[in-house]
Amino acid sequence: MKASRLLSLSLAALLCSVSAAPFAVAQQAAPQAGTKRPAQDPELQAAIAKSNAYTSLSNRTIRAIESWDRYKSWVDMKKGPTGKERYISYGLYSLYDVKDEIAKAEAAAGQPPAQPELDGAVKRYIAAYQELAPLITRAERYYERKDYRDDNAAEGRELHAKMVPAAEAFLRERTAFGVQLNGYKKGIDARELAAIEASEGRLARWQLRNIMINARAVMDVMPSNESPIVDLAAFDTALAGYSGAIKEMDRFKDSNPSGVPMIDSSASSWLGSLRDFREKLGKSKGDVRKGAANDANRIVSSYNMMVSMSDSAARMIR
């Protein structure tokens, strides 16, 4: 497949990782012994609920990107399908049922706190998805059933002509939605971190959130198939932030030997991997295709593991 030859780290995988990360531990876990849970600020909780609804929609609809990428891997995008392609059997991936996610996101768009730009972006994103999704579903069935053998790919060409502009619009709206959502999440992260510190100080819960917030900032500037050249200045800024979070954790461990449960070792190792990756990026002027693709994939895999572990760690902290 053409996409995998470039870089096995797909845009869809990155978006999934980044979008899933912030709220893997956003729900308040049980407090540490002798401390109280951070105050339940109703406005903050409403903001988190809105973000969670939008994040769930973003994560679930990634399947459309994966399906479109699969289609692009075997078809000539300028000419459209002929029915004779070598890898035509790849077809497209079937989409997930997202009716519930769409309904919750639409409801959240009308609920406080009002976020005109973000709420408008999610509505446009939903509309673009609903335009593309039926076409992908038709195409997936068409190629799965090998109907192109009966009509000399006539319907395939018809679908191609409709899918290309619909997919372009969908990807454009997803990018705009993602920018708005990421900015919104960062504001929530800062507020939540401040609430934890005000309630119990920079103990294990605060350390855990601080690490994962800064880890996601690194993921925000990681490369993809569509954007394989890394902005080195932005990467350095994110890396410095993450390094600072690890140093903060080390200071905490000096007086609290138990540290941050489950994740402290992995978080430290990830920093070393990031620095190795940055060194390779420097030699290639940021182009991940020139010797750093495998490192990028390992970084994403390790990050996803950290997200899972951080969720478990949040439940363990008492």
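Note: Ser310 OG to Met305 CE = 12.5 Å, rounded to the nearest 0.5 Å. From Ser58, atom OG reaches atom CG of Leu181 across 6.5 Å, with rounding to the nearest 0.5 Å. Rounding to the nearest 0.5 angstrom, the gap separating the CG atom in Leu239 from the OH atom in Tyr242 is 10.0 Å. Note that CG of Leu132 and CG of Leu95 are 7.5 Å apart. Values are rounded to the nearest 0.5 Å. Rounding to the nearest 0.5 angstrom, the gap separating the CZ atom in Arg191 from the CG atom in Asp41 is 5.5 Å. Rounding to the nearest 0.5 angstrom, the gap separating the CG atom in Asp311 from the CE atom in Met262 is 9.5 Å.
Judged by distance alone, with hydrogens and angles left aside, the side-chain atoms of Thr61 form a donor-acceptor pair with the main-chain N or O of Leu57 at under 3.5 Å. Side-chain atoms of Ser301 do not come within 3.5 Å of backbone N or O of Asn297 as any donor-acceptor pair. Listed for the Ser227 side chain is no donor-acceptor partner under 3.5 Å among the backbone atoms of Ser224. With Ser199 contributing its side chain and Ile196 its backbone, the two residues share no donor-acceptor pair below 3.5 Å. Using a distance-only test at 3.5 Å, with no hydrogens or angles considered, no donor-acceptor pair links the side chain of His160 to the main chain of Pro81. Under a 3.5 Å cut-off, the side chain of Glu200 and the backbone N or O of Glu197 do not form any donor-acceptor pair. Between the side chain of Ser51 and the backbone N or O of Ala47, no donor-acceptor pair lies under 3.5 Å. Under the 3.5 Å distance criterion, the side-chain polar atoms of Asp76 are matched with a main-chain donor or acceptor of Lys79. In this structure, Thr237 contributes its side chain and Ala233 its backbone to a donor-acceptor pair below 3.5 Å.
Seen from the ring of Tyr93, Arg63 counts as a face-on cation partner, given the 6.0 Å and 45° thresholds.
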Residues Thr55, Lys185; criterion side-chain hydrogen bond (donor to acceptor under 3.5 Å, both in side chains); working and verdict: CA-CA 10 Å; Thr55 299; Lys185 287 177 179 178; 3.2 Å; yes
Step-by-step salt bridge (charged side-chain N to carboxylate O under 4.0 Å, His left out) determination, Glu168 to Arg172: CA-CA 6 Å; Glu168 290 175 348; Arg172 186 167 56 249; 5.5 Å; no
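For Gln130, the CD atom is densely surrounded, since the number of other residues' heavy atoms within 6.0 Å is greater than 12. Counting heavy atoms of neighbouring residues, nucleotides and ligands inside a 6.0 Å radius, atom CD of Glu106 exceeds 12 of them. Residue Glu117 qualifies as open at atom CD: its count of foreign heavy atoms under 6.0 Å is 12 or below.
Between Tyr143 and Trp74, the gap from one ring centroid to the other is short of 6.0 Å. Between Phe277 and Phe235, the ring center distance clears the sub-6.0 Å criterion. Under the 6.0 Å cut-off for aromatic ring centres, Tyr125 and Phe170 qualify, their centroids lying closer than that.
Asp264 approaches Ser258 most closely through the heavy-atom pair OD2-O, 4.4 Å. In terms of heavy atoms, Val221 sits closest to Val230 at O-CG1, 3.8 Å.
Checking Tyr54 against Asp119 by side-chain atom types alone, a donor-acceptor pair falls below 3.5 Å. No side-chain N or O of Arg289 forms a donor-acceptor pair with one of Ser284 less than 3.5 Å apart.
A salt bridge links Asp295 and Arg298; the closest N-O separation between the charged side-chain nitrogens and carboxylate oxygens is under 4.0 Å.
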